[in-house]
Amino acid sequence: MMNLAILGFGTVGSGVAKVLAENAAEVAAGAGEEVRLKYIVDVRDFPDSPFAPLLVKDFAVVENDPEVGLVVETIGGCGVALTFTRRALQAGKHVVTSNKQLVAEHGVELLALAKEKGVNYFFEASVGGGIPLLRPLFNDLSANKILAMKGIVNGTTNYILTAMEQSGKELDEALKEAQALGYAEQNPDSDLDGTDAVRKACILADLAWGRELKPEKVPAEGIRGVALQDIRNAASTEGAIKLLCRLIRQEDGTVYAWVAPHFVPKTSMLAHVDSAFNAVVITGSAVGDVLFYGTGAGSIPTASAVVGDVVDAVRHKHAPRGIGWTDAPLTLGDPDTLPARWYIRSGDSWSITEAMPAGMLPQAQVRYRVLD
Ligand SMILES: NC(=O)c1ccc[n+]([C@@H]2O[C@H](COP(=O)([O-])OP(=O)(O)OC[C@H]3O[C@@H](n4cnc5c(N)ncnc54)[C@H](OP(=O)(O)O)[C@@H]3O)[C@@H](O)[C@H]2O)c1
């Protein structure tokens with residue numbers, strides 16, 4: 001039997017507890033043994049929760065319990081989550097997380113520590129929420145050179161852009177609606193500014209190419225500048241404005257990485273990914289394009305990915321998977337030097353240009369690459 005602890009009983013952590021309880025038989029069958037939730041660590045009390053008897057406030061209880069072989073970190077951020085993850089790995093416990101910021105910023109260190117301690121550090125839920133994406137990338141596509149990845153990896157901004165398109169709302173109004181429905185945080189900056197999408201792009205690049213892509217190296221433009229006018233212009237020519245993360249690797253190894261709103265023609269499957277859904281297209285040298293689509297966030301869908309990692313970690317508890325990347329930086333190119341067609345607008349006048357690098361564009365109030 002494997003005993004585990006959940007750190008952080010919020011949206012994702014509570015979903016993990018629920019999925020572990022409701023699907024205990026499936027989890028045990030997959031893992032090859034019973035998986036038992038022994039503790040939940042949180043700063044708050046949850047007296048009305050059926051899991052209340054498992055709650056403890058002090059992480060040291062988990063750390064010092066030799067019966068606990070696995071820790072699920074769903075606190076988020078790089079503060080206490082980093083400290084607890086280091087301590088859990090140091091204590092020889094497997095760790096599973098949904099925390100993209102932690103993986104993007106400290107993945108090299110934490111994966112090296114996991115390797116040294118002979119345990120697994122898994123993070124499937126950190127990109128694409130419930131969509132199986134990272135495991136297929138490092139398992140099933142390992143016969144390929146990964147040539148490119150592009151996708152909608154932030155459900156909040158996709159919800160807002162879809163609401164603008166479908167209900168004719170301006171961005172501020174669509175944001176308020178997203179907040180009221182729980183699709184956007186009260187502080188939505190990391191979504192609106194593209195920071196969250198950058199972290200996910202970095203994790204994809206790290207895994208695909210085995211070298212670290214630091215978030216601060218990725219140029220990001222969020223959706224604050226997208227006007228209803230741009231959405232309507234795109235729709236009038238069978239297009240949609242979507243916030244995309246883009247990763248392209250050239251033959252010489254140079255990687256171009258960026259996050260920005262794009263004009264996506266409806267001939268692309270990505271134009272049809274609406275509301276809070278996510279989708280990523282991975283282009284492999286052998287397989288061509290593969291599309292991963294599904295629910296990119298939410299308590300239970302995200303818990304599906306976390307618990308899937310738990311099962312895999314237990315199954316590989318004696319022979320940890322050698323996932324990792326080095327801190328050798330990727331050789332990066334400037335995306336603005338890549339020729340692209342552009343949607344440009346000044347006032348009410350707009351057009352789609354011929355393919356050209358950004359430096360050759362005429363002056364324009366708004367300029368978004370066309371996804372070709
Ligand atoms: N929500 C999603 O759909 C989703 C999807 C994919 C990935 N993620 C990622 O998953 C992580 C968790 O997200 P979430 O939405 O579940 O966050 P959340 O709802 O805010 O849950 C985090 C929980 O951790 C608790 N916490 C804070 N400090 C703690 C400490 N020192 N010790 C123990 N518990 C502590 C929080 O308590 P307080 O509320 O009192 O601070 C809260 O209950 C984040 O990295 C997020 O980016 C989320």
Answer yes or no: is there a side-chain heavy-atom contact under 4.5 Å between Tyr343 and Val366? yes
For Thr157, is there any backbone N or O sitting under 3.5 Å from a side-chain donor or acceptor partner on Asn154? yes
Does Arg341 qualify as a cation-pi partner of Phe263, given the criterion of NZ or CZ under 6.0 Å from the six-membered ring centre and within 45 degrees of its axis? no
Show the nearest heavy-atom pair for residues Leu371 and Ser268, with the distance to one decimal. CD2-OG, 3.8 Å
Nearest heavy-atom contact between Pro215 and Ala104 is CD-O, 4.0 Å
Minimum heavy-atom distance Gly347-Gln365, with the two atoms named: N-OE1, 2.6 Å
For the backbone of Gln186 and the side chain of Gln179, can you confirm whether one donor and one acceptor N or O come within less than 3.5 Å of each other? yes
Answer yes when Asp206 and Lys214 have at least one side-chain N-carboxylate O distance shorter than 4.0 Å, and no when they do not. no
Kindly indicate, with the supporting measurements, whether the criterion side-chain contact (heavy atoms from CB on, under 4.5 Å) is fulfilled by Leu134 and Phe292. CA-CA 10 Å; Leu134 302 184; Phe292 297 86; over 6 Å; no
Check whether any side-chain heavy atom of Phe59 sits under 4.5 Å from a side-chain heavy atom of Thr83, and report yes or no. no
Candidate list Arg246, Lys150, Lys242, test side chain to side chain donor-acceptor pair (under 3.5 Å), partner His262, passing option: Arg246
Under 3.5 Å side-chain donor-acceptor pair for Thr195 and Asp193: no
Using atom types as modelled and distance alone, determine if a side-chain donor or acceptor of Asp45 lies under 3.5 Å from a backbone N or O of Pro47. no
Got Leu133 and Ile282 here, is their nearest side-chain heavy-atom distance under 4.5 Å? yes
Is the shortest side-chain N to carboxylate O distance from Asp196 to Arg199 below 4.0 Å? no
Roughly how far, to the nearest 0.5 Å, is CD of Gln166 from CG of Asp274? 5.0 Å
Please round to the nearest 0.5 Å and tell me the distance separating atom CG of Leu204 and atom CE of Met149. 5.0 Å
For the side chain of Thr353 and the backbone of Trp342, is there at least one donor-acceptor N/O pair under 3.5 Å apart? yes
Using the rule given for side-chain contact (heavy atoms from CB on, under 4.5 Å), can you reason through Val103 versus Tyr121, listing the C-alpha separation, both sets of side-chain angles and the distance that settles it, and then say yes or no? CA-CA 10 Å; Val103 178; Tyr121 182 54; 3.8 Å; yes
To the nearest 0.5 Å, how far apart are CD in Glu238 and OG1 in Thr267? 9.5 Å
Have Tyr368 and Asp230 got a donor and an acceptor in their side chains that come within less than 3.5 Å? no
Tell me whether Glu185 at atom CD has more than 12 heavy atoms from other residues, nucleotides or ligands lying less than 6.0 Å away. no
Do you know which two heavy atoms are closest between Val259 and Cys245, and how far apart they sit? CG2-CB, 3.8 Å
Give a yes or no answer on whether the side chain of Asn278 reaches the backbone of Val280 with a donor-acceptor pair at less than 3.5 Å. no
Contacts table for residues 27-39: side-chain donor-acceptor under 3.5 angstrom, sequence neighbours left out:
{"residue": "Glu33", "atom": "OE1", "partner": "Met1", "partner atom": "N", "Å": "3.2"}
{"residue": "Glu33", "atom": "OE1", "partner": "Met2", "partner atom": "N", "Å": "3.2"}
{"residue": "Glu33", "atom": "OE1", "partner": "Lys317", "partner atom": "NZ", "Å": "3.3"}
{"residue": "Glu33", "atom": "OE2", "partner": "Lys317", "partner atom": "NZ", "Å": "2.8"}
{"residue": "Arg36", "atom": "NH1", "partner": "Asn3", "partner atom": "OD1", "Å": "2.6"}
{"residue": "Lys38", "atom": "NZ", "partner": "Asp65", "partner atom": "OD2", "Å": "2.7"}
{"residue": "Lys38", "atom": "NZ", "partner": "Glu67", "partner atom": "OE1", "Å": "2.7"}
{"residue": "Tyr39", "atom": "OH", "partner": "Asp65", "partner atom": "OD2", "Å": "2.6"}

So do Asp172 and Glu170 actually touch side chain to side chain, heavy atoms under 4.5 Å? no
Does atom CD of Glu354 have more than 12 heavy-atom neighbours from other groups under 6.0 Å away? no
Look up atom SG in Cys78 and atom NE2 in His106, then write down how far apart they are to the nearest 0.5 Å. 4.0 Å
Give the C-alpha distance, both sets of side-chain angles, the deciding distance and a yes or no for side-chain contact (heavy atoms from CB on, under 4.5 Å) between Arg86 and Glu109. CA-CA 9 Å; Arg86 280 185 183 136; Glu109 175 205 327; 2.5 Å; yes
Under 3.5 Å, is there a donor-acceptor pair between the side chain of Ser167 and the main chain of Lys169? no
Please determine whether a side-chain nitrogen of the Lys or Arg among Lys266 and Glu165 lies less than 4.0 Å from a carboxylate oxygen of the Asp or Glu. yes
Treating Asn99 as the side-chain partner and Gln101 as the backbone partner, does any N or O pair qualify as donor plus acceptor under 3.5 Å? yes
Donor-acceptor pair, Glu73 side chain versus Thr97 backbone, under 3.5 Å? no
Residue list, salt bridge (Lys or Arg N to Asp or Glu O under 4.0 Å) with Lys93, at least two apart or on another chain: none
Trp325 side chain reached by Val108 side chain, heavy atoms, under 4.5 Å: yes
Would you find a donor on one side and an acceptor on the other, under 3.5 Å apart, between the side chain of Asn158 and the backbone of Ser275? yes
Minimum heavy-atom distance Ser98-Thr74, with the two atoms named: OG-CG2, 3.5 Å
Between the side chain of His94 and the main-chain N/O of Asn120, is any donor-acceptor distance below 3.5 Å? yes
Does the side chain of Asp140 reach to within under 4.5 Å of the side chain of Val290, using non-hydrogen atoms? no
Side chains of Arg369 and Leu244, heavy atoms from C-beta outward: is any pair under 4.5 Å? no
Assess the residue pair Arg224 and Asp189 against the criterion (side-chain contact (heavy atoms from CB on, under 4.5 Å)); give the C-alpha distance rounded to whole Å, side-chain angles, the decisive distance to 0.1 Å, and a yes or no. CA-CA 10 Å; Arg224 289 185 201 271; Asp189 290 354; 2.9 Å; yes
Can you tell me how far apart CD (Glu105) and CD1 (Ile203) are? Round to the nearest 0.5 Å. 10.0 Å
Tell me the closest heavy-atom pair linking Leu243 and Asp191, and the distance in Å. CD2-O, 4.5 Å
I want to check something: taking the side chain as every heavy atom from C-beta on, are Trp350 and Thr237 in contact at a cut-off of under 4.5 Å? yes
Please find out if less than 6.0 Å separates the ring center of Phe46 from that of Phe51. no
